[in-house]
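One structure is given below, encoded as structure tokens.
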Amino acid sequence: MSYATLLFDIDDTILDFQSSEKRALKKLFQHLNKPLTPAIANYYHQLNTILWQRYEKGNLTRSDLLNSRFTLLFRHFGEDINGAAIEKTYRQYLAEGHDPIPGAKQLLMALSQNHELYIVTNGIAKTQEKRVHEAGIAKYFNQMFISENIGYQKPQRAFFDFVAHQIKHFDRRKALVIGDSLTSDILGAANYGLDSVWFNPHHALNQTKTQPTYQIDKLNALTAICN
């Protein structure tokens, strides 16, 4: 099967979000002059995952997510703080993180020669745009589709419907979604009738009912799938 349109997730698919998140948290706690313990870091990661999953399901707005996560984090450890103010500082640090996944740049360069590449992300627009440009990969993409700008998020059909109507001559049979999230990227693709690639470098178990069309643990395996 030859795919003409490739829809890439960014975080932990093209850019190493886990690394960026760790550095941003460390800088934030240094800024606050507070110790960042493993317990705090682990709880933040768990809490953030839950909040983003609620956002994906439409049970939480983007602004509520961003303005509440640090309030909830510190409250869990017995402190009342202005989470919205801390969030702004955190996002500044997060925007500085743009380490590519190994092999990502080379892959994008190669695929962009014969395919149309697009970004589909649930991230924050200003943060994602900065990270993509500073990583030096913006030139490989025709357009960035960001949930904050669209008003819908993956896995909602409305998100992919917007994307499909923005891309000239969009053909579902020749479009491929590539991402690391079963509940966002892969489910969204399935709901819209698109083939998908689950990027699963850590060999996590699929505990959902959603099945990707393909599964890979290294990005360079995409070359054989896309051509």
Side-chain angles (χ1 to χ4, degrees), residues 8-102 104-105 119-139 141 143-154 156 159 179-181 183-185 202:
F8 278 92
D9 175 50
I10 282 296
D11 290 326
D12 290 327
T13 302
I14 296 299
L15 299 181
D16 188 344
F17 181 76
Q18 298 301 320
S19 173
S20 300
E21 182 183 66
K22 287 178 183 177
R23 280 203 300 266
L25 270 180
K26 184 178 179 180
K27 288 182 178 181
L28 175 66
F29 274 74
Q30 288 173 343
H31 171 79
L32 297 173
N33 198 26
K34 294 179 181 293
L36 177 59
T37 66
I40 293 174
N42 289 337
Y43 185 77
Y44 172 80
H45 182 72
Q46 293 170 14
L47 173 66
N48 196 44
T49 299
I50 291 170
L51 292 176
W52 277 101
Q53 287 175 347
R54 289 183 62 195
Y55 172 68
E56 290 170 4
K57 293 176 182 177
N59 297 328
L60 188 69
T61 67
R62 183 190 65 86
S63 59
D64 285 343
L65 185 162
L66 299 178
N67 291 331
S68 67
R69 58 181 173 182
F70 284 105
T71 301
L72 294 172
L73 172 67
F74 281 91
R75 185 179 296 163
H76 179 78
F77 291 97
E79 252 187 282
D80 282 326
I81 53 93
N82 184 343
I86 289 179
E87 173 68 32
K88 291 180 181 178
T89 304
Y90 171 71
R91 267 187 280 158
Q92 290 174 355
Y93 292 135
L94 189 62
E96 296 172 0
H98 48 75
D99 296 338
I101 297 289
K105 278 190 176 182
I119 287 172
V120 289
T121 175
N122 279 352
I124 310 307
K126 187 176 180 181
T127 303
Q128 297 297 66
E129 288 166 358
K130 185 175 189 291
R131 295 174 67 229
V132 167
H133 279 90
E134 292 190 353
I137 59 174
K139 59 188 174 184
F141 295 98
Q143 194 171 343
M144 291 180 64
F145 295 105
I146 306 175
S147 61
E148 181 182 5
N149 295 337
I150 293 173
Y152 302 100
Q153 64 269 8
K154 300 177 295 183
Q156 293 177 340
F159 178 95
D180 70 300
S181 172
T183 58
S184 174
D185 308 305
H202 304 298

(request) For the pair Asp12 (side chain) and Gln18 (backbone), establish whether a donor and an acceptor sit closer than 3.5 Å, ignoring hydrogens and angles. (result) yes
(message) On a heavy-atom basis, which atom in Leu15 and which in Ala135 lie closest, and how many Å separate them?
(response) CD2-CB, 3.8 Å
(request) Please test Arg91 against Lys126 for side-chain contact (heavy atoms from CB on, under 4.5 Å), starting from the C-alpha separation and ending with a verdict. (result) CA-CA 9 Å; Arg91 267 187 280 158; Lys126 187 176 180 181; over 6 Å; no
(request) Might you point out which heavy atoms bring Ile14 and Ala104 nearest each other, and give the distance in Å? (result) O-CB, 3.6 Å
(request) State, to 0.1 Å, how close Arg131 and Ser20 come at their nearest heavy-atom pair, and which atoms those are. (result) NH2-OG, 3.7 Å
(request) Could you grab the distance from atom CD1 of Ile40 to atom OG1 of Thr37, nearest 0.5 Å is fine? (result) 3.5 Å
(message) Students often mix this up, so state it plainly: with edges at 30° and 60°, are the rings of Phe70 and Tyr90 parallel, tilted or perpendicular?
(response) perpendicular
(message) Under a 3.5 Å cutoff, is there a donor and acceptor pairing between the side chains of Gln53 and Asn59?
(response) no
(message) Would you say that Glu87 contacts Thr71 through its side chain, given a criterion of any heavy-atom pair below 4.5 Å between the two side chains?
(response) no
(message) Please give me the minimum heavy-atom distance between Gly123 and Ser147, naming the atom from each residue.
(response) O-OG, 3.9 Å
(message) Is it the case that the side chain of Lys105 and the backbone of Pro100 share a donor-acceptor pair, with hydrogens and angles ignored and the cut-off at 3.5 Å?
(response) no
(request) Please test Gln143 against Ile119 for side-chain contact (heavy atoms from CB on, under 4.5 Å), starting from the C-alpha separation and ending with a verdict. (result) CA-CA 7 Å; Gln143 194 171 343; Ile119 287 172; over 6 Å; no
(request) Flag the pair Glu56 / Ser181 as yes when at least one side-chain heavy-atom distance between them is below 4.5 Å, and no otherwise. (result) yes
(request) Return yes if some donor-acceptor pair links the side-chain N/O of Asp185 with the main-chain N/O of Asp180 below 3.5 Å, else return no. (result) yes
(request) Measure from the side-chain N and O atoms of Gln153 to the backbone N and O of Tyr55, and report whether any donor-acceptor pair falls under 3.5 Å. (result) yes
(request) State the CG-CG distance between Asn48 and Leu73, to the nearest 0.5 angstrom. (result) 9.5 Å
(request) Output the distance between atom CD1 (Ile150) and atom CE (Met144), rounded to the nearest 0.5 Å. (result) 10.5 Å
(request) Mind checking the CG-CD spacing from Leu28 to Gln92? Nearest 0.5 Å is all I need. (result) 10.5 Å
(request) Please say whether more than 12 non-hydrogen atoms of neighbouring residues, nucleotides or ligands are located less than 6.0 Å from NE2 in His76. (result) yes
(request) Grab the two heavy atoms, one from Asn149 and one from Ala125, that are nearest each other, plus how far apart they are. (result) OD1-CB, 3.6 Å
(message) Is the shortest side-chain heavy-atom distance between Phe17 and Leu94 below 4.5 Å?
(response) yes
(message) Would you say that more than 12 heavy atoms from the other residues, nucleotides or ligands in this model lie under 6.0 Å from the OH of Tyr152, or not?
(response) no
(message) Is any side-chain heavy atom of Ile137 closer than 4.5 Å to one of His98?
(response) no
(request) Step by step, work out the side-chain contact (heavy atoms from CB on, under 4.5 Å) result for Phe74 and Lys34. (result) CA-CA 11 Å; Phe74 281 91; Lys34 294 179 181 293; 3.6 Å; yes
(message) Quick check: do Tyr44 and Leu36 have side-chain heavy atoms less than 4.5 Å from each other?
(response) no
(request) Hey, could you give me the OG/CG distance between Ser184 and Asn122, rounded to the nearest 0.5 Å? (result) 4.5 Å
(message) Testing Lys27, Arg23, Lys26 one by one against Glu96 for a salt bridge (charged side-chain N to carboxylate O under 4.0 Å, His left out), which residue passes?
(response) Lys27
(message) Please give me the minimum heavy-atom distance between Arg69 and Leu47, naming the atom from each residue.
(response) O-CD2, 3.4 Å
(message) Counting only heavy atoms from other residues, nucleotides and ligands, does the tally under 6.0 Å from NZ of Lys130 exceed 12?
(response) yes
(message) So, taking the atom named CD in Gln46 and the one named CG in Leu51, what distance separates them when rounded to the nearest 0.5 Å?
(response) 12.0 Å
